[in-house]
Amino acid sequence: GKVGLVGVPFEKGQKKSGVAQAPDMIRAAGLVNELKSLGIDVKDFGNVEYEALDASVHNMTHLDHVAGCTEKLSQMVQRVFTEGRNVLTIGGDHSIGIGSIDGHVKTNRNVAILWIDAHADLNTNKTSESGNVHGMPVALLTSELADYWPYLPGMDWQQPMLSIRNVAYIGLRSVDRYERLVIEKFGITAFGMEDVERYGIHDVIHMALRKIDPDNNKSLHVSFDIDALDPLEAPSTGTPVRGGLSLREGIHAMEELFRTHRLNALDLVEVNPKIGDKYCVDLTISAAIHIIQAGFGYTRRGLKVPDGVTD
Ligand code: ARG
Ligand code: MN
Ligand code: MN
Ligand code: MN
């Protein structure tokens, strides 16, 4: 396969500094060579650069920067797809999902999203208690939520073209009160940690796919927030929540998704190298690289999925 790597050193979707350093630190830890050793043709498109747009909206911190950065990222993602590559986007905080998913949907309208995260990131500026845009991307991207937003200057380039029926959550364990109401109102596919315990990660992934991609024909996009993993295994992140996925469950999820042959885009976000000591940071970066490798075909059974294995 062919992959285009896009770094997004962006941290203004939340208030802790450090997330912007993650793309270069994950590169420095050897990401590109790890992917090349899987036989993948990797092209590094570098880091997204942007200028802030003119935008200011109540209870949306730094929307001017979020708008400028995500517009550029969307264009970059479209360019990578146009060159015939799958897209690996390294954040940055989770607000960048606005740009990566917009770019995917503009290239291929038939997209389904797996949002693997402790959080639902489904707030609007009216429901958010933090004002942080990294808690809002799913509400910005989906057509059913469009009526709940005021006019957003700077965001005219982005149209919510995706139905919430094509989004599944995996790993939830910190959902705000209004987010819970929205999940129930629209019947959003959502597997929390209790579902992972009850059914196991393998079945959870396949139940999610049956809901959001019943005909097995969608272009799949995984938006993987590193805080989906338990903080024992990925401590360096801004909004950790205990009781999360083990790294093994995260890897298993990505292995299953790779085997669909339709996992065309992966975001890896919210690694913050300024949180915790060197041991914590190294552990978190190595967890991120394991997740990415599994998404692009590394299997613990060996480099290739054996023929005849269909479970
Ligand atoms: N729900 C909280 C908020 O709206 C936390 C969101 C955390 N998001 C994330 N991408 N880590 O602020
Ligand atoms: Mn999260
Ligand atoms: Mn399995
Ligand atoms: Mn998130």
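All values reported here derive from a predicted model rather than from experimental measurement. For ligands, and for the atoms within them, numbers begin at 1 and follow the listed sequence. Atoms considered below: every heavy atom in the structure, side chains included; atoms not considered: hydrogens, waters and symmetry mates.
Counting heavy atoms closer than 4.0 Å to ligand 1, residue T237 contributes nothing at all. Residue contacts with ligand 1, taken as heavy atom pairs separated by less than 4.0 Å, involve D227 solely via side-chain atoms from C-beta onward. When non-hydrogen atoms are compared, ligand 1 lies under 4.0 Å from the backbone of H134 as well as from its side chain.
The Mn ion (ligand 2) is closest to atom OD1 of D117 (considering only N, O or S atoms). The atom of H202 that is an N, O or S and sits closest to the Mn ion (ligand 3) is ND1.
Coordination check, D225 versus the Mn ion (ligand 2): passed, since an N/O/S atom of the residue sits under 2.8 Å. Distances from the Mn ion (ligand 3) show that E256 has an N/O/S atom below 2.8 Å. Contact annotation: H119 places an N, O or S atom under 2.8 Å from the Mn ion (ligand 2).
Those atoms of ligand 1 that come under 4.0 Å of a heavy atom in E270, given as number and element, are 9 (C), 10 (N), 11 (N). Below 4.0 Å from some heavy atom of D225 lie the following atoms of ligand 1, by number and element: 9 (C), 10 (N), 11 (N). When each atom of ligand 1 is checked for a heavy atom of T239 under 4.0 Å away, the hits are 7 (C), 11 (N).
Counting heavy atoms of neighbouring residues, nucleotides and ligands inside a 6.0 Å radius, atom NE2 of H252 exceeds 12 of them.
Aromatic ring orientation, Y50 versus F10: perpendicular (interplanar angle above 60°, classes split at 30° and 60°). Taking the six-membered ring where the residue is Trp, H65 and H62 present perpendicular rings, their angle passing 60° and hence far from 30°.
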Chi angles and distances behind the side-chain contact (heavy atoms from CB on, under 4.5 Å) call for L263, V222: CA-CA 7 Å; L263 177 54; V222 169; 3.5 Å; yes
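In this structure, of S130, G91, G135, the residue bringing a heavy atom nearest to atom 12 (O) of ligand 1 is S130.
Within the 4.5 Å cutoff, the side chain of Y298 has no heavy atoms near those of the E34 side chain. No side-chain heavy atom of V269 sits under 4.5 Å from any side-chain heavy atom of D93.
For atom 5 (C) of ligand 1, the nearest non-hydrogen atom of the protein is H119 CD2, 3.9 Å. The protein non-hydrogen atom at the shortest distance from atom 8 (N) of ligand 1 is D121 OD1, 2.9 Å. In terms of protein heavy atoms, atom 4 (O) of ligand 1 is closest to N123 ND2, 3.0 Å. Counting protein heavy atoms only, atom 2 (C) of ligand 1 is closest to D176 OD2, 3.7 Å.
Side chains of D121 and H134: no donor on one and acceptor on the other come within 3.5 Å. Between the side chains of N47 and D24, at least one donor-acceptor pair of N or O atoms lies under 3.5 Å. Remark: the N125 side chain and the W149 side chain contain no N/O donor-acceptor pair separated by less than 3.5 Å. Donor-acceptor pairing under 3.5 Å is lacking for the side chains of T70 and Q158.
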